[in-house]
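Chain letters run A, B, ... following the sequence lines, proteins first and then strands; every chain starts at 1.
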Amino acid sequence: MDYQFKDIEQKWQQFWAEKQTFKADNNSTKPKYYVLDMFPYPSGAGLHVGHPLGYIASDIFARYKRLKGFNVLHPMGYDSFGLPAEQYAIQTGQHPSLTTEENIATYRRQLDQIGFSFDWSREVRTSSPGYYKWTQWIFMQLFNSWYNKAEEKAESIAKLVEHFETKGSAGINAVSDEDTATFTAGEWKAYSHNQQQEELLKYRITYLRESTVNWCAALGTVLANDEVKDGFSERGGYPVEQKKMMQWSMRITAYAERLLQGLDTIDWPEPLKEMQRNWIGKSVGASVKFPIKKEAHNSQLTTHNIEVFTTRVDTIFGVTFLVIAPEHELVNELTTPEQKADIEAYITQTKKKSELDRMADTKTVSGAFTGIYVLNPLNNEPIPVWIADYVLAGYGTGAVMAVPSGDQRDYLFAKHYNLPIVPIIDIQNIETEADPTKEGTYINSDFANGLTYKEATAAIIAKLEAIGAGKAKVNFRMRDAIFGRQRYWGEPVPVYFKDGLPYLIDESELPLLLPEIDKYLPTETGEPPLGRATDWKHPEGEYELSTMPGWAGSSWYWYRYMDAHNDSEFASEKAIEYWKDVDLYIGGSEHATGHLLYSRFWNKFLKDIGKVNEEEPFKKLINQGMIQGRSNFVYRLIDAEGRGTNTFVSHGLIKEYKTSPLHVDVNIVKNDTLDTEKFKNWRPEFADAEFILENGKYVCGHEVEKMSKRYYNVVNPDDIASQYGADTLRMYEMFLGPLEQSKPWNTNGIEGVFKFLRKFWRLFHDDQWNFRVSEDAPTKAELKALHKIIRKVEEDVERFSFNTSVSSFMIAVNELTELKCNKRAILQELTIVLASYAPHICEELWALLGNGEGTLSYAPYPTFKPEYLVEDDFAYPISINGKTKMNLSISLSLDIKDIEAFVLANADVQRYLEGKTPKKVIVVKGRIVNMVV
RNA sequence: GCUCAGAUGGUGGAACUGGUAGACACGCAGGACUUAAAAUCCUGUUCCCGUAAACGGAGUGCGGGUUCGAUUCCCGCUCUGAGUACCA
């Protein structure tokens, strides 16, 4: 029979499911290999053709590794807590768990159609109580830990308490809140229980603190920094404002240095690492305290100096003014009565500007003088203090020392307000702009005069430290992560409050289930939706009402797959010891500063407390590119009165007519040719449409846009699978281009892949479509074709160049067709090699070859034998004059006796040889490509 | 502005450490089969000139350089995409 992909694919998908072919074994003697996909959020729209791209790539890799003899863990699950289900619940009243359930069913059906080799027995859902029990458990471990900087690791809070009880706060080097108290052991013991708890909260890795948060009123929740884009929420695009709130936070900053260092040990795409480095934002510099000039202010000040952070402490003698952020907490106290009006006017003006305006408008210089002066700690020169909105309250100390000769922003500010500009380096050119050079030697710099950059920096820091006015400091841009969300559809925080202080619930009470509520909206008093729950009360106090953010469940899920049904641990020690870490992780780069950073953070924490073994969770990571939409257009003819008619002009002719473009559903267009009948049925108003054709066809225009319903360019994998089959879909998605590159989806070439599979099928069949293979011994040419593809696929898969493999398969099958090869010895091995790309057709042929049903998935990958290739193609690595290296494949070689004539005829060659005679010359189409001298 | 990635036929793309540029596929043109169409198969297809053909010239965004030889390496520029944005 002809290639009947529908029957074949259904048969094998059923077979794999029933026989649990891809169930991974936790007790195998084979080497392990863990291939992971970023699990999806099951949205209501279902999968479009872009989603499976990464899954197909990882599936090919997983299947390949199985053939190579590895015990492969290749699981899938759902990140099923999230906003859309909740918003749907608000609109319809339908419980988010129902919506989620339905969406998951759709996803599963769509995924099953593509023939993935997932081990579904390990499926996880972050919203199922059996799963979030352990998310809550990890939260409890974080609450019960503090970060010991001396040891560079997290430790138990009990250990900290023990230290407090014996030695007080002395000798503690922790990452903590800034306002920790200093006390002796005796004082600690004298503290009330509540005082102790309050103090400990300042050390816990997950802690409660009043902090400025990104509040999104429209969504009724706070958002993390990476969920905010240009002052608007990433989801929905609602405005986001800054607001002070009591919030759960995660002390991820404790891990900043380790998160940065770890990047050098993992095989990730460089751009992604760079994004994480920028996000962590390490800058090495110094903090300097500028004492406030006594007589500057008549009144008594509670603060005596302004602290700044700088990366160029060497320029301190060039400081001619200080700038603090308008939101800086000292502004009010510092401003002199005479300047009060000015400053207040400036602050109101700044506040009026939206976040966006303020960022866009970086050219306008604005600021106001506070009226007070500080002293340069190294030479006691008075320095005026200004406020200006180019200084951000949220970074460093919210205050900077301005060096107009070296910093362009300071330069512009100084010019605008007529402040002095002092050059401090001999070669500095500051005629028209600041010169941030580090070359040359210092001038106008007191004891640093004549020194180089390195010397000056060291000398100045030493001096500052000696007089107690500053010290070397490393600053990070990364902030602690806000962990609370005022939403319903998330993990409840396993905490209750007593006397205003948080306490963990008992571990035996886990999971703390989400309570049922009547409406999914905040309460009338503005509390989160959980405030609506009745009968939901801890015996000791009130439950926390906010839930965890979306990234909580996804920050450890790869461990749950290792031991998905364990009730007593998040995964057994044995399972974690066996599977260790993820060998290959495939997903989008949009998670660079969210999921991928938080996951690394939690992993490091879990390692610190001895629950996992690896410092980094994802050894190798590949970003699949985004699949963009490719929209098609028809061109409506405009009549003389400028009205649209019901006549449509083919794309090639639109210059001759007046037309307006109109999106048309890409599913009724094939190779940019419109199916005019389907178009008439597409919408009622086109029922009597007429067409002006070219070459008898209606050709559509096209453009690359986002894949979206609005542009009618969404292509559904179901449609492709039912039209061409899963094997064609899998191969075509790979054929489309390099995995990591973004590209528009179009089906223009899919026929080629389909034809290839049919050709492959035909190799095993005679003209009447009867299965027939020959038992004869293969010829040299046949063996060569086979071994070329064996090697090629091996190389391609290892370097994730799946698109070139597909081409190579086509070449191999074309060659074998040409040779009329139907030898079992060849086809058997070819089937194994193709199996990871097109598993259904290969399983079928494998069974027809008499190999036993369903044994293909674990068949041994054939061994490449180079002797079949070195017939007339081989390589010569040679070196000439010790510098030129050549390495070529050879098609024709001249004998030594023919060389002389050849060399004489070729000036290039003569120059190259410098009079020597080559031993061997390699010529291709009359051109020398290589010589052995 | 900064950082990164990229630019190759009508199209998607190949060429892995410098060595026959355009593999493979789509599209297009011509042909075979067919009453016809679809399907299938075969041939051609970077551009220009000449031409039936061999053959000749140009050619990997633009301008230089290194090299016997550059899509590949170096310098400068243009454009496109992504990320980031007053980070002191």
Which nucleotide, B/A88, B/C24, B/G13, lies nearest any side-chain atom of A/Ser807? B/C24
Measuring to OP1 and OP2 of B/A88, would you say a side-chain N or O of A/Tyr395 lies under 4.0 angstrom away? yes
Please state how far atom CG in A/Leu739 lies from atom P in B/G13, giving the value in whole angstrom units. 13 Å
Between the side chains of A/Thr315 and A/Tyr453, is a donor N or O closer than 3.5 angstrom to an acceptor N or O? no
Among B/A88, B/G13, B/A15, which is the nearest nucleotide to the side chain of A/Gln741? B/G13
Could you tell me whether A/Asp796 contacts a base, only the sugar-phosphate backbone, or nothing, with contacts defined as non-hydrogen atoms closer than 4.0 Å? nothing
Report the residue (A/Phe735 or A/Ser808) whose heavy-atom-nearest nucleotide on RNA chain B is the more 5′ of the two. A/Phe735
Could you check whether A/Glu274 pairs with A/Arg277 (Lys NZ or Arg NE/NH1/NH2 to Asp/Glu carboxylate O, under 4.0 Å)? yes
Exercise: do A/Asp410 and A/Tyr390 side chains pair donor with acceptor under 3.5 Å: yes
From B/A85, B/A88, B/A25, nucleotide with atom closest to A/Met810 side chain: B/A25
Send over the distance from A/Lys743 NZ to B/C26 P, rounded to a whole Å. 19 Å
Test item: side-chain donor near acceptor, A/Lys282 and A/Asn475, under 3.5 Å: no
Counting only Watson-Crick pairs (N1-N3 plus N6-O4 or O6-N4) and G-U wobbles (N1-O2, O6-N3), all under 3.5 Å, who is the partner of B/A25? B/U11
Regarding A/Asp407, tell me which of base, sugar-phosphate or nothing describes its non-hydrogen contacts under 4.0 Å with the strands shown. nothing
Classify the nucleic acid contact of A/Pro738 as base, sugar-phosphate or nothing, counting any heavy atom under 4.0 Å across all strands shown. sugar-phosphate
With both distances kept under 3.5 Å, what pairs with B/C33, Watson-Crick or G-U wobble? none
Have a look at A/Asn746 and say if it touches a base, only the backbone sugar-phosphate, or nothing, with a 4.0 Å heavy-atom cut-off. nothing
For A/Ser742 and A/Met626, indicate whether the former's side chain and the latter's backbone hold a donor-acceptor pair under 3.5 Å. yes
Would you tell me if any nitrogen or oxygen in the side chain of A/Asn278 comes within less than 4.0 Å of OP1 or OP2 on B/C2? no
Assuming nearest nucleotide by heavy-atom distance, tell me which of A/Gly749 and A/Lys792 is located more 5' along RNA chain B. A/Lys792
At a cut-off of 3.5 Å, list every protein nitrogen or oxygen paired with a nitrogen or oxygen from nucleotides 36-45 of chain B, distance to 0.1 Å.
from	atom 1	to	atom 2	distance (Å)
B/U40	OP1	A/Arg758	NH2	2.8

A/Ser366 and A/Tyr346: side-chain donor and acceptor closer than 3.5 Å? yes
B/C62 - base-pair partner by Watson-Crick or wobble geometry, distances under 3.5 Å: B/G76
For A/Glu733 and B/G12, give me the distance from atom CD to atom P, rounded to whole Å. 18 Å
Modelled atom types, side-chain donor and acceptor of A/Ser805 and A/Ser808, under 3.5 Å: no
side-chain N/O A/Asn475 vs B/C87 OP1/OP2, d < 4.0 Å: no
For the residue pair A/His765 and A/Trp769, categorise the inter-ring angle as parallel (less than 30°), tilted (30 to 60°) or perpendicular (more than 60°). tilted
May I ask which nucleotide in the shown strands pairs with B/A53, Watson-Crick or G-U wobble, both distances under 3.5 Å? none
Just do the ring pair (Phe, Tyr, Trp, His ring centres under 6.0 Å) check on A/Trp745 and A/Tyr732 with the steps written out, would you? CA-CA 10 Å; A/Trp745 172 265; A/Tyr732 185 61; 5.6 Å; yes
If you check every side-chain atom of A/Ile811, which of B/C16, B/C24, B/C87 has the closest atom? B/C24
Should B/G1 form a Watson-Crick or G-U wobble pair with both distances under 3.5 Å, which nucleotide is its partner? B/U84
Taking only the side-chain heavy atoms of A/Glu795 (C-beta and beyond), determine which of B/G13, B/C16, B/A88 contains the nearest atom. B/C16
Between CG of A/Asn632 and P of B/U11 the distance, given in whole Å, is 17 Å
Both distances under 3.5 Å, Watson-Crick or G-U wobble: report the partner of B/C68, or none. B/G19
Kindly point out which of B/C26, B/A85, B/A88 is positioned nearest to the side chain of A/Asn748? B/C26
What nucleotide among B/C86, B/G13, B/C26 has an atom nearest to a side-chain atom of A/Arg409? B/C86
